[in-house]
A.B. asks: 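To start, I am sharing the structure in question, which I have written as structure tokens.
Every chain is numbered from 1 and lettered A, B, ... according to where its sequence line falls, protein lines coming before strand lines. Bear in mind that the values here come from a model prediction, so they are computed numbers and not experimental data. When reading the values below, keep in mind they use all heavy atoms of this one structure, side chains included, and skip hydrogens, waters and symmetry mates.
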Number of protein chains: 2
Amino acid sequence: MLDNTDMGILHELSKNSRITMKELGEKVHLTGQAAASRVAKLEDNGVIEGYSIKVNQVKLGCFIHAFITIITQSTYHQPYLSFVKTQEQYIINNYKISGDGCYLLECKFPSNELLNQFLEDLNEHVNYKLSIVINK
Amino acid sequence: MLDNTDMGILHELSKNSRITMKELGEKVHLTGQAAASRVAKLEDNGVIEGYSIKVNQVKLGCFIHAFITIITQSTYHQPYLSFVKTQEQYIINNYKISGDGCYLLECKFPSNELLNQFLEDLNEHVNYKLSIVINK
DNA sequence: GTATTTGACTTGATAAATGAAAGGATTTGA
DNA sequence: TCAAATCCTTTCATTTATCAAGTCAAATAC
């Protein structure tokens, strides 16, 4: 389904998705037009889901990057899920997981105060274990 | 430092980083040239770290998305870190964390067999707790 | 209070990329 | 063997990006 050229295209676009089709073509030994049509095909069949940017959260004022393992006593998760929806500014991802916990919440916070407030609010619905990212 | 227009630019580029500067300008009520110069400034001061794509890992044959909490008995982490470097094809992120464990490893695997092999190899250096992502 | 500087934007000209259409290899299947 | 399909290249018209002035307003200095 995908050949080495396609993998090369995905690799190059992962490094820099704003590259021109002409440059991309040069990297994988195609003309710009051929590269563009390959990329269009990768979009059509859903391999490429979208184009995004990497934002430096620290420079945006979010110093704290945390993973929070969610443990629910209740089998009724809706209160937790509703709460998460109200906290979108802090949430990067909410994974439903198997293993140690029901959900793994990836979050960012601009201060310990706001993290503390978030945890207090969170604790009204579920228990949790907190892990702070020190380095990547 | 960053005004609402800059936030709008970051928002639009997060949704689609391949938008033309002309279109981006229209969305935030600027000319293409003004938008391009704002974006250049955001790149220069490090707010925008890069441009990337979202790849559908399932379509690439990686069905299993896992978080592995790493617990080391030894204070000497180098064997683990060296091992991780040899397994780049499976590793999405390796976070050093505080809390329950020393590292949080985000991985993808094309099969249970390869996950199993990975865990066996991993277990030669450290202990771990495995969480499989069911949903996002 | 006026002049100067600075920053952010617009305009306009030029260079570059994109998109569409046509055509040429190569492969596939009847 | 022939026809169809796939993938690529070439060409050209159109769109976009880039660079250099030029405008405007606010801040700063004299």
Side-chain angles (χ1 to χ4, degrees), chain A residues 1-63 88-90 92 108-111, chain B residues 1-63 88-90 108 110-111:
Chain A
M1 182 171 179
L2 297 188
D3 61 15
N4 286 335
T5 303
D6 289 319
M7 296 306 287
I9 286 172
L10 293 178
H11 181 242
E12 291 300 330
L13 288 178
S14 292
K15 286 197 298 182
N16 176 16
S17 66
R18 273 196 75 85
I19 193 174
T20 65
M21 288 299 118
K22 192 183 175 193
E23 278 183 278
L24 177 60
E26 284 165 12
K27 301 232 184 201
V28 299
H29 311 299
L30 290 176
T31 60
Q33 288 81 346
S37 86
R38 288 243 187 183
V39 169
K41 197 167 290 179
L42 288 168
E43 291 172 7
D44 290 344
N45 63 25
V47 174
I48 294 176
E49 294 181 330
Y51 299 89
S52 192
I53 53 174
K54 283 178 250 173
V55 174
N56 186 323
Q57 291 294 339
V58 171
K59 301 224 171 179
L60 278 189
C62 276
F63 296 89
E88 277 190 344
Q89 73 264 41
Y90 303 132
I92 302 172
K108 58 180 160 64
F109 298 94
S111 71
Chain B
M1 183 174 178
L2 297 189
D3 60 15
N4 285 336
T5 303
D6 289 318
M7 296 307 287
I9 286 173
L10 292 178
H11 181 240
E12 291 301 329
L13 288 177
S14 293
K15 286 197 301 182
N16 176 15
S17 66
R18 275 195 74 86
I19 193 175
T20 65
M21 287 300 118
K22 190 183 176 194
E23 276 183 277
L24 177 60
E26 283 164 12
K27 301 232 183 201
V28 298
H29 310 297
L30 291 176
T31 60
Q33 290 85 334
S37 87
R38 289 245 188 183
V39 169
K41 198 166 291 180
L42 289 168
E43 292 171 8
D44 290 344
N45 62 25
V47 174
I48 294 177
E49 294 182 329
Y51 300 88
S52 192
I53 53 173
K54 284 178 249 171
V55 174
N56 186 323
Q57 291 294 340
V58 172
K59 302 224 170 177
L60 279 189
C62 276
F63 296 89
E88 278 190 344
Q89 74 264 39
Y90 302 132
K108 59 181 159 64
S111 71

A.B. asks: Round to the nearest Å and state the distance from B:L24 atom CG to D:dT16 atom P.
C.D. replies: 13 Å

A.B. asks: Closest nucleotide of DNA chain D for A:Q33 versus for A:R18: which of these residues is on the 5' side?
C.D. replies: A:Q33

A.B. asks: Under the criterion side chain to side chain contact (heavy atoms under 4.5 Å, CB included), I'd like the reasoning laid out for A:E26 against A:K22: C-alpha separation, chi angles, the key distance, then a yes or no.
C.D. replies: CA-CA 6 Å; A:E26 284 165 12; A:K22 192 183 175 193; 4.2 Å; yes

A.B. asks: Between C:dT11 atom P and B:L30 atom CG, what is the distance in whole Å?
C.D. replies: 12 Å

A.B. asks: Answer whether the closest heavy-atom distance between the side chains of A:R38 and A:V28 falls below 4.5 Å.
C.D. replies: no

A.B. asks: Please give, in whole Å, the distance from C:dT18 P to A:E26 CD?
C.D. replies: 11 Å

A.B. asks: Quick one: B:K22 NZ to C:dT18 C1', roughly how many Å, whole number?
C.D. replies: 13 Å

A.B. asks: Considering only heavy atoms from C-beta outward, does the side chain of A:Q57 approach that of A:I92 to under 4.5 Å?
C.D. replies: no

A.B. asks: Expressed in angstrom and rounded to an integer, what is the separation of A:M21 atom CE from D:dA17 atom P?
C.D. replies: 13 Å

A.B. asks: Does the side chain of A:L2 reach to within under 4.5 Å of the side chain of A:L42, using non-hydrogen atoms?
C.D. replies: yes

A.B. asks: Does C:dT10 have its OP1 or OP2 closer than 4.0 Å to a side-chain nitrogen or oxygen of B:T31?
C.D. replies: yes

A.B. asks: Could you check which of C:dC9, D:dT9, C:dA17 has an atom nearest any side-chain atom of B:R38?
C.D. replies: C:dC9

A.B. asks: How many Å lie between CG on B:D44 and P on C:dG7, as a whole number?
C.D. replies: 14 Å

A.B. asks: Roughly how many Å is it from CD1 in B:I9 to P in C:dA8, rounded to a whole number?
C.D. replies: 12 Å

A.B. asks: Report yes if a side-chain nitrogen or oxygen of B:K41 is closer than 4.0 Å to either non-bridging phosphate oxygen (OP1 or OP2) of C:dA8; otherwise report no.
C.D. replies: yes

